Amino acid sequence: MEIKITKIKENEIAALQEIGKKTFSETFSVNNTAESMAQYLETSFAAEKLIAEVNDENSEFYLARLEDTIIGYLKINTGLSQTEIVEGNALEIERIYVSKGFHGKKVGQALYNKAIAIAIEKNVDYVWLGVWENNLRAIRFYRKNGFEEFDKHIFRLGNEEQTDIMMKLDLKTHKMKIEFVIKSFDELSTIELYKILKLRSEIFVVEQNCVYQDIDDKDLKCHHLMCFVDGNLAGYTRIVPRGLTYEDVSIGRVVIGSDYRGLGLGKQLMEHSIQGCKAIFKESTIRISAQLYLLKFYNALGFKEVGNPYDEDGIPHIEMVLH
């Protein structure tokens with residue numbers, strides 16, 4: 001299931017309003033009166049209020065899509081836009097909601113991963129949120145992701161007062177388990193190969209809207225570097241021997257999954273790939289075909305451009321070499 005998470009645009013307010021009302025009703029209507037629900041939905045999802053929040057520099061909304069259907073959304077706050085006054089440098093996850101029909105399909109986890117990626121990018125000390133004390137499913141979800149209770153506050157729904165448990169994740173002590181593994185083609189398990197091809201297809205074919213032959217027989221002679229985050233395949237490269245693509249050893253199919261961007265994994269992935277080239281093939285010269293928009297990224301790793309940009313499968317590329 002290809003889930004895309006994109007920051008909201010101002011012309012998508014109506015879509016935000018629709019998914020906001022829908023998911024809140026699905027989550028809480030059973031346990032609250034119709035009058036309280038109607039009052040809350042009318043106030044909290046009024047177009048004027050949403051427009052102001054979207055334009056607030058300390059608040060961000062992201063929509064989760066499956067093809068053209070919006071199936072969930074995320075709202076985060078920093079600074080004075082947080083719903084409670086908290087100590088220190090913090091980011092609040094105010095809302096993660098997913099359409100009921102997509103519960104259990106990792107949409108919430110994808111939105112959560114996006115929030116944590118942004119928190120890491122903003123270099124905050126901790127992430128916090130409030131969750132209704134009777135929403136046991138959500139409490140279990142956040143506990144599973146390392147959150148701990150630290151306080152309570154009152155959430156007003158219409159004329160009713162409810163208690164939210166405040167939970168936080170200390171980013172200074174909570175570390176993701178990141179693991180890099182290199183294997184030859186013959187050493188890959190069936191599951192590993194499936195995940196690699198799935199990730200490459202999701203990004204290079206679907207996300208980049210590029211029809212090309214990804215499975216090109218080179219895989220059989222390559223080594224494959226996998227980056228796992230908490231056991232999930234988050235990134236990948238293939239290390240190509242001399243004479244297969246270039247006269248030099250090369251690194252190709254460099255990819256970070258959409259749920260794991262903003263965590264600094266791209267640099268680590270390439271550093272491990274460079275080390276892999278040197279360890280496996282005893283070569284110090286590495287040649288790549290880089291997408292042109294990543295020129296500065298590869299320059300920072302020591303690669304220098306060779307020749308002029310060229311088109312490859314409809315995407316501008318440039319050849320680069322590391323000595």
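Numbers here simply count residues along the sequence, with the first being 1. Since the model is a prediction, treat every value here as computed from it, not as a measurement.
- Residues satisfying the salt bridge (Lys or Arg N to Asp or Glu O under 4.0 Å) criterion with Lys114, sequence neighbours excluded, are absent altogether.
- The six-membered or imidazole ring of Trp132 lies near that of Phe28, with a centre-to-centre distance under 6.0 Å.
- Between His317 and Tyr310, the angle of the ring planes stays under 30°, which puts this pair in the parallel group of the 30/60° scheme.
- Residues passing the ring-ring contact (aromatic ring centres under 6.0 Å, His included) test with Phe141 are Tyr112, sequence neighbours excluded.
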Below 3.5 Å, can you tabulate the donor-acceptor pairs from side chains in residues 297-307 to any protein atom, sequence neighbours excluded?
| residue | atom | partner | partner atom | Å |
| --- | --- | --- | --- | --- |
| Asn299 | ND2 | Phe303 | O | 2.9 |
| Asn299 | ND2 | Glu305 | OE1 | 3.2 |

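- Considering only residues two or more places apart in sequence or on other chains, Pro309 meets the side-chain contact (heavy atoms from CB on, under 4.5 Å) condition with Leu292, Ile318.
- Partners of Glu319 according to the side-chain hydrogen bond (donor to acceptor under 3.5 Å, both in side chains) rule, which considers only residues two or more places apart in sequence or in another chain, are Arg287.
- Remark: the Ser99 side chain and the Thr23 side chain contain no N/O donor-acceptor pair separated by less than 3.5 Å.
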TODO: Could you give me the CA-CA distance, side-chain angles and deciding distance for Arg65 and Glu12, then say whether salt bridge (Lys or Arg N to Asp or Glu O under 4.0 Å) is met?
DONE: CA-CA 13 Å; Arg65 286 183 171 85; Glu12 295 176 317; 2.5 Å; yes
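- Electrostatic pairing of Lys198 and Glu202 counts as a salt bridge here, judged by a charged N lying under 4.0 Å from a carboxylate O.
- Across Gln82 and Val86, no two heavy atoms sit closer than the pair OE1-CG2, 3.5 Å.
- Taking Lys218 as the reference, Asp216, Cys222, Arg238, Leu244, Thr245 meet the side-chain contact (heavy atoms from CB on, under 4.5 Å) condition, with sequence neighbours excluded.
- In terms of heavy atoms, Met226 sits closest to Tyr236 at CG-CD1, 4.4 Å.
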